[in-house]
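Protein chains get the first letters and strands the later ones, always in sequence-line order, with residue 1 at the start of each. Just the heavy atoms: all of them, side chains too, but no hydrogens, waters or symmetry mates, feed the values below.
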2 protein chains.
Amino acid sequence: MNIRKIAELAGVSVSTVSRVLNRHPHVSESARSRVLQIIEETDYSPNLNAVQLKVGRTRVIGIVTPTLNHYYLQLIKGAANRGKGYGYQVLIHQTEEQPEQEMQALELLRRKKVDALMILRRATPWADIAGYLKYGPIVTCEPMQNGHVPAVFLDHYEGFRLGLEHLIRRGRCKIACVVGRGGSRNSKRRLDAYREVLENRGLPAREEWIFRDVYTAADGRRAADRLLALPERPDAVMTANDLVAAGLLAEIRERGLRAPEDLAVVGFESDESGIADIVGLTNVTNPLDAVGRKMFDTLYARLKESGHEAGKPSGGKSKTPAADSVKAVDGGSAETDEKSGASPALHFELRVRSST
Amino acid sequence: MNIRKIAELAGVSVSTVSRVLNRHPHVSESARSRVLQIIEETDYSPNLNAVQLKVGRTRVIGIVTPTLNHYYLQLIKGAANRGKGYGYQVLIHQTEEQPEQEMQALELLRRKKVDALMILRRATPWADIAGYLKYGPIVTCEPMQNGHVPAVFLDHYEGFRLGLEHLIRRGRCKIACVVGRGGSRNSKRRLDAYREVLENRGLPAREEWIFRDVYTAADGRRAADRLLALPERPDAVMTANDLVAAGLLAEIRERGLRAPEDLAVVGFESDESGIADIVGLTNVTNPLDAVGRKMFDTLYARLKESGHEAGKPSGGKSKTPAADSVKAVDGGSAETDEKSGASPALHFELRVRSST
DNA sequence: GCTTGACCTGGAATGCATTCCAGGGGTTAG
DNA sequence: CTAACCCCTGGAATGCATTCCAGGTCAAGC
């Protein structure tokens with residue numbers, strides 16, 4: 001069953017059927033109703049591959065993620081929910097951080113299987129990715145080395161600053177700090193915050209109070225081990241994520257110490273983890289879903305400006321993309337914006353959430 | 001840049017270009033190399049929409065999920081990983097349990113945007129879903145009322161049985177039980193297990209030891225409240241999920257009781273939650289990712305038998321779908337299999353995992 | 001009465017790749 | 001020497017819907 005058959009059965013041309021299908025004006029009421037009736041009777045629905053081929057748009061955005069875990073899920077969820085309001089769906093592409101897998105994902109854009117690409121994490125050099133910008137919008141959530149690819153992300157400096165000031169307000173003065181990947185920009189920013197904030201308040205920021213390469217709950221336990229064995233024991237810890245914080249808490253409590261009384265722990269995580277509530281953890285909420293939404297908005301803006309998109313948000317309850325807690329950096333096109341070697345700092349709003 | 005242009009530039013016909021592209025035999029070495037060179041030079045890559053339109057296959061499977069949370073993520077992950085081995089990608093369609101959204105997802109199948117559909121949860125009547133089977137394979141992970149739609153799921157009876165027997169082996173004899181949705185089949189099976197297993201062992205299964213409609217960690221805390229207030233206090237609790245179990249544990253411990261010494265709690269969850277490790281919970285692992293994999297296998301088998309698929313698993317490290325811990329129920333087609341009113345019980349393997 | 005324009009409709013080109021069919025050239029077997 | 005067959009190649013039909021262009025009808029305005 002295709003549009004030709006429908007036209008035949010209804011005794012009109014395919015143009016007319018197409019006009020009915022797409023709610024174009026200039027179709028007589030009689031023709032319209034005849035066509036609609038035949039469509040109803042024959043249970044016809046247009047083949048989307050043909051439509052997509054013709055209009056050159058699929059209303060699908062590809063999401064490139066190294067793996068499907070809690071963290072990336074937040075981003076995906078934010079983007080998927082926002083996209084849904086505009087009639088977009090998401091195609092998940094897992095890369096396991098393998099460059100070849102990433103190339104496959106980039107090919108999807110060139111080959112028009114997706115309209116745009118959201119890269120949550122990449123192993124491919126930025127330059128290679130930028131080469132695909134000519135096929136469609138791409139956005140990432142990693143601070144990029146050059147300004148070619150648009151990026152949306154939050155500055156972990158702010159997150160750490162908030163958490164640290166919370167601890168300081170509560171009277172803590174020997175604050176330790178636990179981060180993950182030593183080399184990552186986010187870790188660097190967190191350490192910057194650790195050193196600067198404490199220094200500004202006249203508090204010590206000792207090197208031996210910094211624990212690196214701590215990722216999991218088990219790592220957190222080990223970090224607690226080492227931390228509690230220090231000659232001068234800290235009275236608080238700022239961590240880079242809730243799982244780690246939970247590990248610390250568990251270890252601390254199992255040793256008969258009380259948290260937060262003896263040792264306060266602050267996490268840094270998106271709302272939905274649920275762990276904070278369970279273990280009674282105070283954390284700085286990291287609005288990953290807002291980042292995801294903003295990423296979609298960035299792509300959408302590009303799609304619209306390239307005439308890719310009619311620009312009609314559908315549905316009733318889609319929020320306006322106005323004020324959000326995350327800002328996007330506009331990478332500009334590879335030709336027009338050569339200035340920024342590194343991406344600028346970003347404004348955003350986080351908050352400390354105490355679980356009582 | 002399209003195949004026609006390539007043909008022109010290479011001085012051959014489009015047929016020849018197509019043959020080169022698809023590695024068909026019967027292309028002279030000279031023609032092949034010329035075409036490849038032009039493809040290289042012009043940076044050409046075939047438009048997938050055209051290919052998909054022509055061959056009637058997209059190598060995308062749609063996953064219909066009510067929301068993106070930890071639970072469904074496990075299933076999605078299992079399916080996506082398995083699918084990747086066969087060159088399939090997944091398109092996520094969130095429904096928020098709204099029938100209209102589900103209809104949209106079903107339409108994707110009819111309109112050939114996806115080759116097959118995985119329904120993780122539905123609000124639409126089975127009969128309506130079965131009506132779409134003629135457009136492509138559909139699989140669900142919910143026990144279905146009639147045998148029309150193939151389903152892959154595990155029997156929660158077994159999960160509960162394992163957990164209960166674990167508790168009994170540890171000498172517990174006053175075992176309570178916490179479940180979620182009262183009406184769901186899974187809850188029913190769990191309660192069946194609770195009553196039958198305890199009865200078989202000559203232990204009491206009291207009505208007042210059954211707590212229903214408990215879903216979240218907070219609910220778990222409240223359940224603990226009520227449970228600890230009972231005149232005859234149980235010495236163990238079997239729960240339907242880890243989050244709830246964690247809530248119970250937290251409440252119990254905050255009241256100064258020791259778990260598992262004073263009150264043992266067993267969860268029921270997929271491996272990856274991570275919560276079990278953090279709070280020191282023993283649970284029955286629920287291999288959701290295996291269910292996801294099996295769901296994909298079920299779809300894939302159908303695709304293959306309908307000639308949809310060439311049947312060549314790609315890549316080196318794809319596991320053989322041979323022995324798995326979950327079994328599929330073959331729903332048969334709506335015409336050929338009218339016998340089973342309800343789905344039969346399923347075999348599978350779970351295990352108890354103690355966190356020490 | 002004629003022009004202008006709105007409204008409706010159909011035809012054909014278009015987007016792009018796949019595949020069947022037919023045909024030419026060369027080789028081998030009978 | 002011819003029939004049979006293989007290899008290579010191109011043409012054209014095909015999958016299906018969109019859209020531009022042109023043509024026709026009818027009513028309103030000058």
Side-chain angles (χ1 to χ4, degrees), chain A residues 1-36 38-39 42-59 107-113 115 135-136 307-310, chain B residues 1-36 38-39 42-59 107-113 115 135-136 307-310:
Chain A
M1 199 44 58
N2 59 29
I3 199 173
R4 194 143 277 128
K5 290 253 186 57
I6 300 295
E8 214 171 284
L9 291 171
V12 297
S13 71
V14 291
S15 319
T16 301
V17 177
S18 175
R19 275 187 279 259
V20 171
L21 251 19
N22 296 289
R23 297 176 214 291
H24 282 302
H26 308 318
V27 180
S28 68
E29 197 42 57
S30 67
R32 154 172 276 103
S33 67
R34 206 135 28 90
V35 169
L36 287 176
I38 299 293
I39 286 176
T42 58
D43 198 35
Y44 163 78
S45 196
N47 182 312
L48 282 175
N49 286 126
V51 176
Q52 291 169 181
L53 170 60
K54 187 61 188 148
V55 306
R57 168 168 52 74
T58 61
R59 284 186 167 277
E107 281 296 307
L108 292 179
L109 183 62
R110 159 146 83 153
R111 305 183 68 176
K112 312 244 183 191
K113 190 148 180 169
D115 291 349
Y135 303 115
H308 216 281
E309 172 57 48
Chain B
M1 200 43 59
N2 60 28
I3 198 173
R4 193 143 278 126
K5 290 254 185 57
I6 300 296
E8 215 171 282
L9 291 171
V12 298
S13 71
V14 292
S15 319
T16 301
V17 178
S18 176
R19 275 187 279 258
V20 171
L21 251 20
N22 296 288
R23 297 178 214 291
H24 281 302
H26 308 318
V27 180
S28 67
E29 197 41 58
S30 68
R32 153 174 277 105
S33 67
R34 206 135 27 89
V35 169
L36 287 176
I38 298 293
I39 287 176
T42 58
D43 199 35
Y44 163 77
S45 195
N47 181 312
L48 282 174
N49 287 126
V51 175
Q52 291 169 182
L53 169 61
K54 188 62 187 144
V55 307
R57 169 168 50 76
T58 61
R59 285 185 166 275
E107 281 296 307
L108 292 180
L109 184 61
R110 159 146 84 153
R111 304 184 67 177
K112 312 243 184 190
K113 191 148 179 169
D115 290 349
Y135 302 115
H308 216 280
E309 172 56 50

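Checked against ring-ring contact (aromatic ring centres under 6.0 Å, His included), Y135(B) has the following partners two or more places apart in sequence or in another chain: Y132(B). Contacts of S18(A) classified as side-chain hydrogen bond (donor to acceptor under 3.5 Å, both in side chains), with partners at least two apart in sequence or in another chain: N22(A).
Axis deviation across the helix from dG1(C)-dC30(D) to dG30(C)-dC1(D) amounts to 50°, comparing end segments of five pairs, rounded to 10 degrees.
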Test side-chain contact (heavy atoms from CB on, under 4.5 Å) on T58(B) and N49(A) and set out the steps. CA-CA 9 Å; T58(B) 61; N49(A) 286 126; 3.7 Å; yes
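Side-chain contact between L21(A) and Y44(A) is present, with heavy atoms from C-beta onward closer than 4.5 Å.
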Table please: side-chain donor-acceptor pairs of residues 3-11 of chain B below 3.5 Å, with sequence neighbours left out.
none

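Judged as a salt bridge (Lys or Arg N to Asp or Glu O under 4.0 Å), the pairs with a partner in residues 42-54 of chain B (not counting sequence neighbours) are, in order, R110(A)-D43(B).
Counting all heavy atoms, side chain and backbone alike, R59(B) lies closest to D115(B) at N-OD2, 2.8 Å.
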So if I define the base as every atom that isn't primed, P, OP1 or OP2, how would nucleotides 14-25 of chain D read as a B/S/- string at a heavy-atom cutoff under 4.0 Å? BBBBBB------
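Distance H26(A) NE2 to dC7(C) P: 6 Å, rounded to the nearest Å. Note: CD (E8(A)) to P (dG11(C)) measures 12 Å, nearest angstrom.
K113(A) and Q52(B) form a side-chain donor-acceptor contact under 3.5 Å, judged by distance and modelled atom types alone.
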